[in-house]
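The structure appears below as structure tokens.
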Amino acid sequence: MKRYNNKLIFILSGAIILFSGTAKAQKDTTRLRKEVEVVKAYQPSISDAFKINDIPQIKDEPSEKPTFNYSIYSKPVFSSFDLTPVQAARIVGDTNSQLERGLLKGGFGNHQTAYGELFFNAQPDTKSNFGLHLKHLSSGGSVKLINDDKVDAPESLNAGDLFLKNFFRSSTLTTTIGFRRNAFRYYGYAGNAIPDSLKDHILYQGEKQSFLQGNFGLNLKNDRTSGDLMNYNLGLNYQYFGARTGQKEHLAKFQAWLDKKYNQTNGILEAGLTYYKVDSILNGVTGFFGSRQQIVLKANPSLMWKDKNYLLQIGLNSDIVFDDDDKAKLYASPKLQAEWSPVVGVLTLYAGVDGYMQHNTYSAIARENQFANWFHDVKNSEVPYVLSGGFKGKFSPKTNYVAGVSYAAIKNQHFYYLNSTNRFIEPATSDFSLNNTFDCLYDDVKQLTLSGEIYHAASSNLTFHLKGNYYSYEMKTLEQPWQMPEFDATISTIFNTDGPLQFTADIFVVGERKGLIRDQNTTIITLTGEPSYSYNYFTLDPIIDMNVGADYRFSKNLSFWGKLNNFAFQKYEQWLGYANRGLNVLVGASYSF
């Protein structure tokens with residue numbers, strides 16, 4: 001443990017020195033203010049349209065939730081498929097009326113990578129606003145696994161979103177429509193390489209997969225008011241999610257946030273109603289293939305008092321889950337949030353107690369790990385409490401910081417592992433079949449998280465952003481928190497020159513992780529009649545992924561850009577058995593209009 005902590009400190013220190021003169025570019029309209037501002041108290045909001053802005057922001061939360069959602073794997077570091085090319089404009093959110101309304105981007109790279117993206121924003125009149133976003137990203141070719149076997153790994157992403165805003169006298173109605181199709185291949189497997197003649201038996205139910213998602217949403221939000229008027233934010237959303245393997249999910253949500261001030265006290269209510277149904281899955285309650293249907297009711301009332309240098313919020317978080325195949329379950333936890341600023345704008349101390357129920361829908365798991373078993377039905381997780389505390393503020397007018405610690409109890413937390421079985425191919429013979437999709441094991445866990453973040457604006461042209469987390473897990477029954485890292489860190493720097501050239505540099509670091517393969521021995525039966533298992537353990541090496549990018553502004557409207565991902569040529573696995581592509585090069589052009 002100490003060895004990797006020392007390695008992390010060395011990496012972070014060296015990276016800051018290495019990239020002190022490089023970074024990423026964007027238009028002059030996004031130049032930094034010389035003084036950065038500490039994030040204010042939390043205010044619920046719904047994303048405003050489509051912004052293209054690479055300047056990092058510290059988004060600290062007074063109550064840090066445990067990082068069990070494998071969010072580190074959403075970073076663009078892990079494959080060319082996840083590339084985020086150099087971005088060089090801001091389409092919405094800027095009051096400069098001279099800004100162009102659209103941005104068209106395109107590029108190509110090795111691994112047969114093709115990329116195209118369109119942003120468009122228009123304001124037909126003073127009472128409405130319209131935005132459109134289209135994206136295509138695809139790659140092909142082969143990937144060399146850790147066992148040196150070369151396998152085909154094509155991927156593609158097609159997505160589109162549009163929004164329409166209508167502005168009324170004291171409120172805004174936002175309508176959103178979107179779709180997303182993600183197609184890929186289950187290309188990986190762990191262990192020794194196998195001959196081509198046996199690869200047809202690796203995944204006997206097929207090797208191609210695609211996810212199709214469509215969504216529609218309505219949101220009504222009033223402008224922030226003062227006095228005795230009520231603030232509200234109401235949302236109604238529907239999502240369809242379908243898989244090539246036959247699964248179909250319907251998810252409808254109504255959410256409400258209400259805030260009413262009584263003298264010096266704010267009464268707050270967060271409420272919601274969720275309808276969820278999915279079919280063609282292996283029902284986790286009945287143990288049979290079929291459907292699953294749930295209704296979730298949420299009610300989180302609280303009282304809040306705040307002033308210039310303090311904030312106190314006391315409340316209750318509660319969820320009731322009604323399941324067609326199980327008894328109703330009530331999840332309840334206290335909510336306490338406290339902040340105190342002895343020096344306003346310079347130092348804020350915070351502490352809190354929180355808890356929640358994690359609704360693990362089919363689509364949420366598919367997004368978290370696209371290589372999860374396609375008929376999965378993952379249990380909901382419960383977090384009875386999260387104890388957190390820390391401090392945030394400014395070292396100087398140009399430097400923000402956040403440091404925190406949290407301790408959380410999690411029930412029914414899922415951990416991914418690979419499962420393989422012996423199956424009969426012919427009546428007189430048997431063959432070993434590897435399953436290269438992930439199943440889940442569950443455990444009750446206590447997690448300690450130490451986190452820190454620094455954002456420094458050295459000048460209006462040069463910024464640095466450093467963020468890191470250290471995790472400690474106390475397992476109840478499992479030997480390891482499978483696939484979870486001991487630490488992760490991100491270092492980013494952005495450099496906007498006064499000339500046409502602009503640069504970016506990023507380093508993503510993920511600590512060592514443990515992987516598990518469980519082999520089912522169908523030829524050996526235990527005394528209870530259950531199959532026996534053998535276990536293979538793997539260590540996934542730490543990841544240090546370095547990325548650089550450059551942008552050349554040829555004219556007011558035309559830019560050329562390039563990006564190198566993983567230019568250190570590190571070979572690593574995001575998930576056990578699934579290696580990355582190695583070096584990825586992407587070049588292209590951007591045209592604003």
Side-chain angles (χ1 to χ4, degrees), residues 42 44 61-69 233-239 249-260 266-278 281-287 290-304 313-337 352-365 368 376-388 406-415 440-447 474-477:
Y42 167 73
E61 294 288 343
S63 297
E64 296 288 341
K65 293 183 179 180
T67 308
F68 269 105
N69 59 359
N233 191 346
L234 310 175
L236 179 63
N237 297 275
Y238 168 76
Q239 172 188 284
E249 175 190 275
H250 300 275
L251 184 65
K253 286 186 177 183
F254 171 75
Q255 297 174 305
W257 178 81
L258 306 173
D259 181 0
K260 183 72 165 64
N266 283 69
I268 301 173
L269 175 63
E270 296 178 64
L273 171 63
T274 299
Y275 171 79
Y276 167 69
K277 183 178 180 180
V278 62
I281 50 93
L282 181 59
N283 191 301
V285 176
T286 66
S291 62
R292 191 75 182 268
Q293 183 170 287
Q294 294 177 333
I295 294 177
V296 181
L297 297 177
K298 175 187 291 291
N300 298 344
S302 64
L303 298 175
M304 184 171 66
Q313 185 175 4
I314 301 175
L316 175 70
N317 296 333
S318 62
D319 294 273
I320 302 178
V321 179
F322 300 94
D323 194 310
D324 284 2
D325 300 305
D326 202 358
K327 61 182 180 181
K329 295 181 180 180
L330 171 64
Y331 302 88
S333 58
K335 181 179 181 63
L336 173 64
Q337 176 185 341
V353 180
D354 204 356
Y356 60 96
M357 184 275 296
Q358 180 65 49
H359 190 199
N360 291 319
T361 63
Y362 185 90
S363 57
I365 297 300
E368 180 178 271
H376 62 257
D377 182 27
V378 177
K379 297 178 183 179
N380 294 331
S381 305
E382 178 187 4
V383 183
Y385 64 85
V386 183
L387 308 177
S388 62
S406 68
Y407 183 77
I410 305 98
K411 295 181 179 180
N412 284 331
Q413 176 57 46
H414 61 276
F415 296 91
C440 290
L441 295 172
Y442 299 90
D443 201 359
D444 294 342
V445 188
K446 301 290 178 61
Q447 180 187 345
E474 181 183 340
M475 314 297 293
K476 184 176 181 180
T477 59

Using modelled atom types and a 3.5 Å cut-off, is there a donor and acceptor pairing between side-chain atoms of [X] and backbone atoms of [Y]?
X: Asn233; Y: Leu258; answer: no
X: Asn300; Y: Glu270; answer: no
X: Ser318; Y: Ala299; answer: yes

Is the shortest side-chain heavy-atom distance between [X] and [Y] below 4.5 Å?
X: Ser381; Y: Asn360; result: yes
X: Val321; Y: Tyr331; result: yes
X: Leu387; Y: Tyr385; result: yes
X: Val445; Y: Phe415; result: yes
X: Met304; Y: Ile314; result: no
X: Leu282; Y: Asp377; result: no
X: Val285; Y: Arg292; result: yes
X: Tyr442; Y: Lys411; result: no

Rounded to the nearest 0.5 Å, what separation is found between the [atom1] atom of [X] and the [atom2] atom of [Y]?
X: Gln447; Y: Met475; atom1: CD; atom2: CE; value: 10.0 Å
X: Leu236; Y: Leu273; atom1: CG; atom2: CG; value: 10.0 Å
X: Ser302; Y: Lys335; atom1: OG; atom2: NZ; value: 6.5 Å
X: Gln293; Y: Lys277; atom1: CD; atom2: NZ; value: 5.5 Å
X: Glu474; Y: Asp444; atom1: CD; atom2: CG; value: 11.0 Å

From CA spacing to verdict: side chain to side chain contact (heavy atoms under 4.5 Å, CB included), Thr274, Ile295: CA-CA 6 Å; Thr274 299; Ile295 294 177; over 6 Å; no
Could you walk me through whether His376 and Tyr362 pass ring pair (Phe, Tyr, Trp, His ring centres under 6.0 Å), step by step? CA-CA 7 Å; His376 62 257; Tyr362 185 90; 4.1 Å; yes
Cation over ring face, Lys446 and Tyr407, 6.0 Å, 45°: no
So, for [X] and [Y], which heavy atoms are closest and what is the spacing to 0.1 Å?
X: Ile268; Y: Trp257; answer: CG2-NE1, 3.6 Å
X: Ser333; Y: Tyr356; answer: OG-N, 3.8 Å
X: Leu234; Y: Ala256; answer: CD2-CB, 3.6 Å
X: Val386; Y: Ala408; answer: CG2-CB, 3.9 Å

Derivation of the side-chain hydrogen bond (donor to acceptor under 3.5 Å, both in side chains) call for Tyr275 and Gln294: CA-CA 6 Å; Tyr275 171 79; Gln294 294 177 333; over 6 Å; no
Does Lys329 come within less than 4.0 Å of Asp319, counting only side-chain N to carboxylate O? no
Charged N to carboxylate O under 4.0 angstrom, Lys476 versus Asp443? no
Tyr276-His359 aromatic ring centre distance below 6.0 Å: yes
Please assess Glu249 against Gln239 for the test side-chain hydrogen bond (donor to acceptor under 3.5 Å, both in side chains), listing each intermediate value before the final yes or no. CA-CA 8 Å; Glu249 175 190 275; Gln239 172 188 284; 3.0 Å; yes
Step by step, would you call Asn380 with Asn412 a side-chain hydrogen bond (donor to acceptor under 3.5 Å, both in side chains)? CA-CA 7 Å; Asn380 294 331; Asn412 284 331; over 6 Å; no
Run the side-chain hydrogen bond (donor to acceptor under 3.5 Å, both in side chains) test on His414 and Gln358 for me, step by step, so that the C-alpha distance in whole Å, both residues' side-chain angles and the decisive distance to 0.1 Å come before the verdict. CA-CA 11 Å; His414 61 276; Gln358 180 65 49; over 6 Å; no
